[in-house]
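In what follows, a structure is listed as C-alpha cells, so that the remarks can point back to it.
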Amino acid sequence: MKKLLFIILTVCLALSFTACKKNEAKKPELPTIGIAKLISHNSLNDAEKGILDELKELNIHANIDLQNANGELNISSAIASKFKSDNVDVAVGIATPMTVTLANQLPNTPIVFTAVTDPVKAGLASSITQGNKNITGVIDAIPIKEQLIEFKKVYDFKKLGIIYTTSETNSVSMAETTKQVCDELGVELIVQTIATPAEVKQAAESLVSRVDAFYCFTDNSIATAMSALTDTAKQNKIPVFGGDITPTLNGGVVYALGFSYYEMGRMTGRLIAEVLQGKKAEELPIQSLNDPKFYNKLLDLDTAKLLGITFSDELINSAQYLIKDGKLITK
C-alpha cells in the first residue's frame, strides 16, 4: 500500500511540474531594447536618462541593453553585431555615427535615433520628417542663425572660430550652415578640424591668435572636452558661445542657447513605446525640439565679468541658468 501511495504521489508531482512548465511557456517574453550611445558626455547621457525615464513612466516592461561605444567606430560595429545576434526588438542609436552603424547592420530591425542633426545627409531619412523603411527618431538640429544673431548682440565678434570633428556627418553639416550664416552676417569664419576629443586643446590654441570669439555647436568631441576649449579661451580672454546648454553647466561658456537633451530623450522614449506597441518605425514622423518653447538660456556671469562683457537685465531675467560666484543657479 505504501508503495502504491508513493507511486501515485510521484505521478501527481510529475504532472503538476509539467503543468507549471506549460504555464511558464505560455507567458510572453519581454521585448528587448538595445540602446547604444556613441560616447559618454553630459548631453548624450541626459538623452539616455530621458529615454529610460519615459519608458518607466509609460510602464513599458522590457529587457534593456545599454551600450557605450566610447567614441570608437569599431566598438560601435561590435555593439550593432551584438544587437543583431540578440535579435533585439528595437535598436536605439544615440548620436549620428552610432545610428548609422546600427542602420547598416540592422536593415530589418526597427531603429529609433536621437541626437542626430541631419538624418538626410547621414542616409537615415528620405526627408527631415520621414525616416527610411525601418527608421525614425528625434533630431537635435539647432537654430544656428538665431543663435549667432543673439550672441552677436552681446559681443560684436568679427572673426568667429569653430572646431569640429570631420568624421561626424552632423558636425560637417552644421559647419556648412555656420559658414552660410557667417557670410550673411558679415563675419569671417575660421575653422579647425579634429579627429578625436584629445585634439580639442591643440585646435583651440591654434585659433586663439586668429579669432575674437568661439562658437560651439553640437559636436560630440567638443562636448566631451569642453573644458579644454573654455580654459584655453579664458586664458586668452576670448569668449565662447554655445549651441547646447548641457556641456556648459560647469562654466566657461559666456552664453549658451539650446534645448534640453533630457527632454529630447523623453520624446525619443515615446517613439520607442509606439514601436513596441506595434507601429512601424517608418509610419512615425521624425520629431524635433527646434521650437522656441523648448529653448533654454545659460549665462556665465563670472566669465562675462572677466572678459568685460555685460548682459542686460532683461537677458539675465530671461535666462533659465546662471553661473555666479562659481555656483550654478537654476531658475
Side-chain angles (χ1 to χ4, degrees), residues 28-70 76 79 82-83 86 88-96 98-99 102 109-117 119 131 135-142 170 218 220 223-224 226 242-250 256-279 281 284-298 320-321 328-331:
E29 292 185 4
L30 291 177
T32 299
I33 305 171
I35 302 177
K37 62 187 173 187
L38 174 67
I39 197 169
S40 181
H41 63 68
N42 290 342
S43 298
L44 301 190
N45 294 346
D46 280 359
E48 180 183 84
K49 186 177 188 305
I51 291 170
L52 297 176
D53 286 352
E54 185 66 23
L55 292 174
K56 182 178 180 180
E57 187 169 306
L58 293 174
N59 203 29
I60 298 295
H61 298 287
N63 297 311
I64 298 178
D65 184 1
L66 295 176
Q67 297 289 335
N68 178 6
N70 292 310
S76 297
I79 292 170
K82 180 181 187 300
F83 286 175
D86 291 346
V88 300
D89 295 277
V90 183
V92 182
I94 304 179
T96 303
M98 187 70 248
T99 305
L102 292 176
T109 300
I111 294 173
V112 179
F113 64 73
T114 196
V116 169
T117 302
I135 301 171
T136 189
V138 183
I139 60 175
D140 66 350
I142 58 176
N170 58 305
T218 51
N220 289 294
T224 303
M226 181 64 78
D244 178 11
I245 293 289
T246 310
T248 69
L249 296 176
N250 293 324
L257 176 64
F259 55 78
S260 165
Y261 271 74
Y262 175 78
E263 290 302 325
M264 184 177 65
R266 299 291 297 238
M267 188 178 285
T268 308
R270 292 192 284 275
L271 286 176
I272 296 167
E274 290 192 73
V275 172
L276 288 175
Q277 289 161 1
K279 290 189 178 179
L284 299 171
I286 291 172
Q287 298 186 28
S288 169
L289 282 86
N290 195 4
D291 186 306
K293 69 182 180 182
F294 294 117
Y295 296 165
N296 292 318
K297 295 176 184 177
L298 175 141
Q320 287 74 29
Y321 301 94
L328 176 66
I329 301 168
T330 303
K331 295 183 181 180

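Values in this document were obtained by computation on a predicted structure and should not be read as measured data.
When the side-chain contact (heavy atoms from CB on, under 4.5 Å) test is applied to Ala256, the partners found at least two apart in sequence or on another chain are Ile245, Thr248, Val253, Leu298. Among residues two or more places apart in sequence or in another chain, the side chain to side chain donor-acceptor pair (under 3.5 Å) test is passed with Thr268 by Thr114. In this view, Glu54 and Arg266, Arg270 satisfy the salt bridge (charged side-chain N to carboxylate O under 4.0 Å, His left out) rule, not counting sequence neighbours. In this view, Thr246 satisfies the side chain to side chain donor-acceptor pair (under 3.5 Å) rule with no residue, not counting sequence neighbours. With sequence neighbours left out, Glu274 forms a side chain to side chain donor-acceptor pair (under 3.5 Å) with Lys279. Annotation: side-chain contact (heavy atoms from CB on, under 4.5 Å) contacts of Pro285 (sequence neighbours excluded): none. Residues satisfying the side chain to side chain donor-acceptor pair (under 3.5 Å) criterion with Asn70, sequence neighbours excluded, are Asn68. Applying the ring-ring contact (aromatic ring centres under 6.0 Å, His included) criterion to Tyr261, with sequence neighbours excluded, gives Phe259. Remark: Asp65 pairs with Lys82 by the salt bridge (charged side-chain N to carboxylate O under 4.0 Å, His left out) rule, at least two apart or across chains. The side-chain contact (heavy atoms from CB on, under 4.5 Å) search around Lys49 returns Asp53, Tyr262, not counting sequence neighbours.
For the atom pair CD1 of Ile135 and CG of Leu284, the computed distance is 13.0 Å after rounding to the nearest 0.5 Å.
Looking at Val275 and Val112, their side chains come closer than 4.5 Å, going by heavy atoms from C-beta outward. For the pair Ile51/Val92, a side-chain contact is recorded, criterion being any heavy-atom separation below 4.5 Å from C-beta on. For the pair Ile60 and Ile272, the minimum side-chain heavy-atom distance is 4.5 Å or more. Residues Phe83 and Leu102 are in side-chain contact: their nearest non-hydrogen atoms beyond the backbone lie under 4.5 Å apart. Under the 4.5 Å side-chain criterion, counting only non-hydrogen atoms from C-beta, Val116 is not in contact with Ile286.
When every heavy atom of Ala95 is checked against every heavy atom of Leu44, the shortest pair comes out as CB-CD1, 4.1 Å. Of all heavy-atom pairs between Gly243 and Ile142, the closest is O-CG2, 3.6 Å.
Checking Thr96, Ile94, Leu38 one by one against Asn220, the side-chain contact (heavy atoms from CB on, under 4.5 Å) holds for a single residue, Leu38.
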